[in-house]
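Some notes on the structure that comes next.
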Amino acid sequence: MSKNTTISLSILSGKGGVGKSNLALNICYALHQIGHPVLLIDCDMGLANMDVLLGIAPQQHIQDILINNLNPAEVLVPIGNPGAAPFDLLPANSGMAEFAELDAGARGMLREKLNPLASAYDFLCLDIGAGISATAIGFAAMTALRIVVITPEPTSLTDSYAMMKVLSSRHSVQDFYILVNQAESSTEGRQTYNRLAAACKRFLGFAPAYLGEVRADKAVSEAVRKQKPLMQVSPLAPAAVDCMAAANSLQRLRENLLRTEEISAPLNSIVIHDF
Ligand SMILES: Nc1ncnc2c1ncn2[C@@H]1O[C@H](COP(=O)(O)OP(=O)(O)OP(=O)(O)O)[C@@H](O)[C@H]1O
Ligand SMILES: [Mg+2]
């Protein structure tokens with residue numbers, strides 16, 4: 001059997017509003033710019049907003065795959081630059097309360113429908129809703145890598161610690177990559193990571209890895225108001241430069257993973273246990 005080269009990653013956080021969706025969009029954009037085909041999936045079923053960040057109004061959504069049995073290919077929206085590597089979005093519909101939480105069966109069904117599509121991409125990126133709901137944790141447990149977005153605020157640290165504790169105890173997942181958002185400097189980013197990593201090592205028995213930091217930058221909210229990716233409208237802004245650095249690290253991580261491990265399926269086929 002040929003080796004799978006698609007790496008799935010989820011972007012998650014304990015505390016809400018730390019910048020997951022903006023970082024997911026811009027890191028994916030950066031990966032696309034450096035030549036990787038990317039599929040970005042809005043998995044924040046209750047409060048999806050990737051379409052708003054992009055200023056688009058898709059007709060079909062991820063929920064249609066589950067409700068109306070649509071093929072994922074019918075739901076994809078190309079959002080990349082023409083002529084470059086593909087960059088596609090699987091948008092979600094916001095405000096469908098009955099779909100805010102997906103049980104293990106629905107997540108499993110989605111996984112089965114998405115995996116055949118995944119081989120066209122180098123990266124599959126799941127933007128996940130904040131917190132430790134069974135849905136958020138279940139999606140995070142499906143991917144090969146997990147990027148935990150934190151900010152220097154103590155509440156962000158304690159909430160992300162709790163999230164990693166749940167994922168490690170319920171799903172035996174211990175490979176986390178910390179991305180510190182809204183850092184004043186790389187020193188503050190590293191110090192924030194060190195505090196969290198020390199607590200994890202002491203009380204959970206493992207330390208997450210450091211992916212990097214993204215500086216606090218008003219260009220982020222300016223791009224949100226323009227409804228365009230920061231990487232597109234202000235590629236030289238500090239936060240955009242940091243997103244590109246994170247994308248370069250992910251590229252190296254993918255190369256290392258492909259050298260050392262057999263990645264069996266983009267979205268893993270282990271049974272997802274609910275709790
Ligand atoms: N590096 C940054 N510098 C300045 N502002 C930022 C930065 N990153 C994110 N923001 C701002 O933080 C706000 C929240 O961002 P975002 O919606 O991406 O967070 P989220 O973690 O996805 O939220 P939710 O938990 O609701 O899904 C946005 O208004 C955005 O402009
Ligand atoms: Mg979000």
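All values below were derived from every heavy atom in this structure, side-chain atoms included, with hydrogens, water molecules and symmetry-related copies excluded. Indexing begins at 1, ligand by ligand and atom by atom, following the structure's order. Numbers here are sequence positions counted from 1.
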Please test Arg146 against Asp175 for salt bridge (charged side-chain N to carboxylate O under 4.0 Å, His left out), starting from the C-alpha separation and ending with a verdict.
CA-CA 7 Å; Arg146 278 145 288 276; Asp175 45 353; 2.6 Å; yes

Could you tell me if Lys15 and Ser156 have a donor-acceptor pair between their side chains, going purely by distance under 3.5 Å?
no

Given Asn181, Leu47, Asn22, which one has a non-hydrogen atom that is nearest to atom 8 (N) of ligand 1?
Asn181

Looking at atom 23 (O) of ligand 1, would you say a protein heavy atom lies below 4.0 Å from it?
yes

May I ask you to test the Leu40-Phe87 pair for a side-chain heavy-atom distance under 4.5 Å?
yes

A student comparing Asp44, Asn26, Asp127 should find that the heavy atom closest to atom 27 (O) of ligand 1 comes from Asp44

Answer yes or no: does an N/O atom from Ser13 fall short of 3.5 Å to an N/O atom of ligand 1?
no

Does the side chain of Leu54 come within less than 4.5 Å of Leu25's, by heavy atoms?
yes

May I have the step-by-step check of side chain to side chain donor-acceptor pair (under 3.5 Å) for Ser21 and Asp127, ending in yes or no?
CA-CA 6 Å; Ser21 299; Asp127 177 30; 2.7 Å; yes

Using a 4.0 Å cutoff against the non-hydrogen atoms of Ala130, which atoms of ligand 1 qualify?
25 (O)

Looking only at protein heavy atoms, which one is nearest to atom 2 (C) of ligand 1, and what is the separation?
Val220 CG2, 3.6 Å

Would you say Val18 and ligand 1 have an N/O pair spaced under 3.5 Å apart?
yes

I need the nearest protein heavy-atom contact for atom 19 (O) of ligand 1: residue, atom name and distance, please.
Gly19 N, 3.0 Å

To the nearest 0.1 Å, how far is atom 3 (N) of ligand 1 from its closest protein heavy atom, and which atom is that?
Asp217 N, 2.9 Å

Short N/O/S contact of Ser21 with the Mg ion (ligand 2) (below 2.8 Å):
yes

Side chains of Leu250 and His36: does their closest heavy-atom pair fall under 4.5 Å?
no

Which residue in the set Leu126, Leu253, Ile147 passes side chain to side chain contact (heavy atoms under 4.5 Å, CB included) when paired with Leu9?
Ile147

Go through ligand 1 atom by atom and flag the ones less than 4.0 Å from a non-hydrogen atom of Ser221.
31 (O)

Indicate whether any N or O donor in one side chain lies under 3.5 Å from an N or O acceptor in the other, for Thr143 and Ser8.
no

In ligand 1, which numbered atoms sit nearer than 4.0 Å to a non-hydrogen atom of Gly16?
25 (O)

Can Tyr210 and Asn194 be counted as having a side-chain donor-acceptor contact under 3.5 angstrom?
no

Heavy-atom distances under 4.0 Å decide this one: backbone, side chain, both or neither, for Leu23 against ligand 1?
neither

Candidates Arg215, Gln182, Lys218, Glu213; heavy atom nearest atom 11 (C) of ligand 1 found on Gln182

Side-chain contact, heavy-atom cut-off 4.5 Å: Thr5 with Leu258?
yes

Please determine if Lys20 has a nitrogen or oxygen closer than 3.5 Å to a nitrogen or oxygen of ligand 1.
yes

At a 4.0 Å cut-off, with the gap strictly under it, does some heavy atom of Gly17 reach an atom of ligand 1?
yes

